[in-house]
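Lettering of chains follows the sequences in order, A, B, ..., and the numbering in each one begins at 1.
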Amino acid sequence: MALIEVRGLRKTYGRTVAVDSLDLDVDEGQVVGVLGPNGAGKTTTVECVAGLTRPDAGTVTLAGHVPWRDRVAVTRLLGVQLQSSGLPAKLTAREAVQLVAACHDDPDDPDELVDRLGLGPVAGTRYAKLSGGQQQRLAIATALVGRPRAVVLDELTTGLDPEARRQTWDLVRDVRDRGTTVVLVTHLMEEAQQLCDRITVVAGGRVVAEGTPDEVVAGRSAATTMTFVPTAALPPGALDGLPGVASVRRAGDRVEVTGSDDGVRAVLRALTAHGAEPAGLRVAASTLDEAYLELVRSAAEATA
Amino acid sequence: MSAPAVRRARPGRAVLTAETRLFLREPGSLFWVLAFPTLLLVVLGLVPGMTGSTDDLGGRSFVELYVPVSCLLAAIMAGAMALPTVVATYREQRILRRTATTPARAGHVLGAQLVLHGTAVAVSVVLVLAYGRLVLGVPLPAQLAGWALAYLLALVAVLAVGGLVAGTAPSVRIAAALGTAVFFPLMFTAGVWFPVSGMGGALRDVVAATPLGAAALALEQAQAGVWPDAVHLLVVAAWAVGLTALAVRCFRWQ
């Protein structure tokens, strides 16, 4: 059984359906990404997992505990870093970690953790005076200091510069290597591709794709992108509607086609049939970015 | 592997430690709660004629009337001004929400705030009484138990007013505005501008029905060595119970 199991989750705010019949499994030791555009229901989902929000329907269990009922057990098992970190402005970094440590039976050494997260030089600095990256790392430190079995990290690199972002990613890998399960909420595909063992893509409150990052890309109709310059002019629409072709774009002489592997073969056959060859041919797997945009767009069209 | 030395978590104590540090880092609140009530007495004591006995006041001095008023002022500063700002800030910055993700409860934070503000008020009262006794020659309350009871009830009522403001204000700004709005009536009814016992007729009757007006009258009686009238104590107690129930009922965590 998964460490975190979400089944049929539903939560509405007034008339807005934030999450609808959402399932999520998080196995112990994995980094699982919850991806989706703003307003997709990611935060509502993890708030239900953390027990901060009680869903209207569905079940959530964390190692067998119901998060919004078994508060003590769940707060010991699960560390949470929220989007708004919620630390008092005048508390120093070290004091913030000590505070949470003292709430747990068997915590990490606060000073050692502060050093490990690179906050040693600013341990005595008040929260409000820390940089954005330092505040994020401090939030992660408070989520980890109780030595939880799992942590929820919500939009942890939002607002960070690329350098601070990469450092934070290293930190997440380090957390996983120490055996802590990670639920990573993000809308950054690069982040998901870099860190996650599995991802769940959420749009409009529903799961639109689930699997390893590679599986999610491969499962799309536009899993492959090919570009080339035809050596002979093609009649307009010669490539549209071929089996397995998702989109055709022209930029000057260059043609860009996305589609499945079958689509690639169909395009090559069509070129031969028109007496053309693909000059400068490049075939590449689509990125998670492209697969994600396609997923989110088709979800938006389905609900429109 | 030997059994690890498992430390017992003490979330309540950890929260109180952190909140105490934060409380001591707010010089503004500390000044208004701890120092200002005594400073008021210091200033009044410097005004000529305030410390001498006056026949109109039955041989008492003006400053003697202001000793219980200054004590009530400490409660007002803590309950109506300092506490609501802290709690509204904690809610707006989602500090109560983050606390709920740890084994500590948001209730620990509120409890710590009540303990800290209550302690600060107690210290302030001791300062006021000590300055009155040692410098201005105002005797300590002759009926100390009655005095303490009336004061405690008044403190609960004012903290409940603060809790009501803090628990319902949607933002820090509105909490500050509401705090100021209740601040002046509380000051007036406590007798900061004019001692309640010196008020005339209808005004006195109205003020005597307010929590701090009744408390001021009860404190004055206890100061003079009489057990306060039951009606004054009952009025303060009724307000204390009613406002506390309302504050608890209306409190919103988020």
Item to check | Passing candidate, side chain to side chain contact (heavy atoms under 4.5 Å, CB included) with A:E191, options A:T186, A:T168, A:L35 | outcome: A:T186
Checklist entry - Is it true that the side chains of A:R176 and A:Q30 contain a donor and an acceptor less than 3.5 Å apart? => result no
Next on the checklist: Heavy-atom pairs under 4.5 Å with chain A: which of B:E26, B:R105, B:R13 has the most?
Outcome noted: B:E26
Checklist entry - Side chain, backbone, both or neither: which part of B:T17 has a heavy atom under 4.5 Å from chain A? => result neither
Checklist entry - Is the NZ or CZ atom of A:K129 both under 6.0 Å from the centre of the six-membered ring of A:Y127 and within 45° of that ring's axis? => result no
Checklist entry - Considering only heavy atoms, which portion of A:Q98 lies under 4.5 Å from any heavy atom of chain B: side chain, backbone, both, or neither? => result side chain
Checklist outcome for this item: Comparing A:Q81, A:R71, A:R76 against chain B, the one with the most heavy-atom pairs below 4.5 Å turns out to be A:R71
Next on the checklist: My understanding is that only one of A:D108, A:D170, A:D109, A:D111 makes a salt bridge (Lys or Arg N to Asp or Glu O under 4.0 Å) with A:R116; could you say which?
Outcome noted: A:D108
Checklist entry - What's the spacing between B:R25 CZ and A:K90 NZ if we round to 0.5 Å? => result 9.0 Å
Checklist outcome for this item: Comparing A:P67, A:A50, A:A73, A:P88 against chain B, the one with the most heavy-atom pairs below 4.5 Å turns out to be A:P88
